[in-house]
Amino acid sequence: MLNIPSLERRWLKYKIKSYFPYILFSLLTVILIIVTTIFIHLEKSNKQTSPILVKQKAKDIILQPKDISPEIILEPSMQFIETMTSTVSQSTTPSVSIPVFPPKKVVIVQKIAPISPPAKISTNVITPPSLITPAIKSTTQPSSIKRDTATFDIHEIEDRFKNNSNPHLGLYIARYHYDHGNYNEAYNYALKTNSINNTIEESWLIFAKAMVKLGKIDQAKKTLQLYISQSNSDAARNLLDSFEKDVPK
Amino acid sequence: MEHSLFSKPKELFIDVVNPRDYIQIDSVSHMYQNLKASVQKPLKMILLYGRPGTGKSMLLHKLHHDLSKHQKVFMIDIPIIDENDFLRVLAQKIYGYVNREAITLTTFLELASAVNYPQTPIVLLDEAQLYSTALMEKIRLISDARALKFVITLHKTDDEDIIAKEHFQTRIWESIELQNASPEELKIYIQKKLLKSNCFDVANMINDKNIKIISRLTKGNYRDANKLMFSLFSLYAWFEEHHPSKINYNSLKPKYIEMAAIHTGLIHA
Ligand SMILES: Nc1ncnc2c1ncn2[C@@H]1O[C@H](COP(=O)(O)OP(=O)(O)OP(=O)(O)O)[C@@H](O)[C@H]1O
Ligand SMILES: [Mg+2]
């Protein structure tokens, strides 16, 4: 008269039913906690990036008096940082459309962003030119960007650059080509970038290094000397020193 | 099954009313003493009311059992709805007057005054909500004439409040309300029932947490508790036969209590 197996099934169903509101509630709570922590984290990392941008502007202003010749305005700049951070905080370059990365990776970039720029700012310390490239590569940020680029077509970015002439995109493409051994392309894009904005240090460095790779060592030296005279860039001076010794790898 | 530890406890909770199974529970005993005292008072009729399964019939049977040692008591546990039959049966059982024909109220009262009892005979009517208004009126007249003393039980449901009916509203009624058991009372009820029949092992299995669950599921209703305990021990008997290893003899498993509650319909699953 007692059907125990069916009774046990009904009991299980009853248990699940009676615990369902609690399960749902705790699930919602967990989701809420996760969402809020992510949100707080995002807010924090956004706030951390902004002081750097302020600093960078301050430096721009300090460097202003060094504009001597109106034809060639060469100026050291920390804007390459902006290139990196602009992929994160769109607020810095509102007019620019930024390559869309998968959100998960954006989070990684953001986490790293506050660490890497100060490392670059402190390049006032004399760093051997051969270390410049590794320094950029070793900071996880560019490499993470590179990992992203693998997933999309560089031509797409080139098309975008053609349309909006954003120097950051130009620098990005130049760097991409240099890293991929396309020195001609690297030269062209660095040149284009410099013509749009001649204050981007990294662009000048890539421009010079690409020239060396293309065999135009003298021209590269001349360009660097000119840039150094206008910008007082340590990185450029180090690179020039390394050219004097031998050819960068 | 005969030797099962749980077959005897199971039978203890079959829902029957037998005064020998009466369990003393403080609040009920108190009520019972009041009831016994009221019965000896002249004139008043006594009304026992409460929700189904609160022990009204049990108390009435207990009263019948205890009073019948000393005085004339007659109990009608299955209502006699027909008015003529009602008077005829009473005349026969109390005054020994055997008649095939219907008797009138006047004849009945004449009979009553003819037969002399040292104490007014007592008539116990269970399930009085089933009697018609006309018959209740006759009962009241018999009581007024001091021919018989009546104790009746009424069960109160949510759908219909019988106590509110006119014929129970008169001042001659002394009413006693029975209620569901509190968790403590339910514990005493279950434990005493088991111990009375020497089911010590099973009684020891029931802890306060078990009682809490049983009390919550039955809301302290004796009948529901009986049904639940009956199917719970049936379930234990089944496990004892088929999966003895699943039984923990230290306490009742909440899962099994809930399964029994599903089986008896206390949980809708
Ligand atoms: N004091 C008690 N001792 C032992 N058993 C009790 C006691 N009170 C109630 N019970 C048990 O509870 C069950 C229900 O009680 P009972 O039949 O008296 O309820 P009731 O109030 O008459 O219900 P209804 O209104 O449906 O007639 C019975 O099986 C009875 O054995
Ligand atoms: Mg009853």
Side-chain angles (χ1 to χ4, degrees), chain A residues 1-48 88 90 100-114 140 144 147-148 151, chain B residues 1-2 4-16 202 209-210 212-219 224-248 251-269:
Chain A
M1 61 151 198
L2 267 179
N3 185 351
I4 301 289
S6 117
L7 210 53
E8 279 194 303
R9 269 198 304 279
R10 284 167 72 191
W11 176 82
L12 196 70
K13 229 173 76 185
Y14 156 74
K15 270 320 212 195
I16 292 169
K17 230 199 259 168
S18 61
Y19 280 128
F20 184 74
Y22 300 100
I23 295 169
L24 195 76
F25 181 76
S26 33
L27 218 73
L28 282 177
T29 318
V30 167
I31 289 170
L32 203 76
I33 289 168
I34 291 172
V35 167
T36 37
T37 27
I38 289 175
F39 184 74
I40 288 168
H41 212 90
L42 279 175
E43 287 269 277
K44 239 193 212 163
S45 54
N46 273 348
K47 264 177 199 155
Q48 276 175 355
V88 179
Q90 306 194 343
V100 183
F101 301 118
K104 211 175 160 190
K105 285 180 178 165
V106 170
V107 173
I108 296 164
V109 172
Q110 281 171 333
K111 273 181 190 161
I112 296 150
T140 32
S144 77
R147 238 180 284 131
D148 294 332
T151 59
Chain B
M1 284 297 266
E2 266 301 299
S4 167
L5 183 65
F6 299 101
S7 54
K8 197 171 179 189
K10 188 178 102 181
E11 261 133 50
L12 287 178
F13 288 96
I14 292 173
D15 197 57
V16 285
V202 175
K209 215 181 130 207
N210 297 148
K212 230 171 145 182
I213 298 170
I214 295 167
S215 181
R216 178 170 50 81
L217 291 169
T218 62
K219 298 189 180 81
D224 289 341
N226 281 352
K227 283 190 202 162
L228 180 66
M229 297 313 282
F230 179 83
S231 61
L232 178 63
F233 291 133
S234 311
L235 198 137
Y236 264 98
W238 187 89
F239 275 107
E240 196 183 36
E241 201 181 350
H242 297 92
H243 302 282
S245 61
K246 285 197 175 178
I247 299 179
N248 169 9
S251 70
L252 295 176
K253 205 172 179 176
K255 175 186 171 182
Y256 293 166
I257 300 175
E258 285 166 350
M259 278 169 69
I262 291 168
H263 181 72
T264 51
L266 289 171
I267 290 176
H268 303 286

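Numbered from 1 within each chain, the chains take letters A, B, ... in sequence-line order.
Residues satisfying the side chain to side chain contact (heavy atoms under 4.5 Å, CB included) criterion with A:Leu24, sequence neighbours excluded, are A:Phe20. For B:Leu12, the side chain to side chain contact (heavy atoms under 4.5 Å, CB included) criterion is met by B:Leu194, B:Ser197, B:Cys199, not counting sequence neighbours. Every residue two or more places apart in sequence or in another chain that forms a side chain to side chain contact (heavy atoms under 4.5 Å, CB included) with B:Ala225 is listed here: B:Leu186, B:Thr218.
For B:Ile267, the part lying under 4.5 angstrom from a heavy atom of chain A is the side chain only.
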Check chain B against chain A and list any donor-acceptor pairs under 3.5 Å.
from	atom 1	to	atom 2	distance (Å)
B:Lys255	NZ	A:Glu8	OE2	2.9
B:Glu258	OE1	A:Trp11	NE1	2.8
B:Glu258	OE1	A:Lys15	NZ	3.0
B:Glu258	OE2	A:Lys15	NZ	3.0
B:Ala269	O	A:Arg10	NE	3.4
B:Ala269	O	A:Arg10	NH2	3.4

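Looking at every heavy atom in both residues, B:Leu235 comes nearest to A:Leu2 through N-CD1, 3.3 Å.
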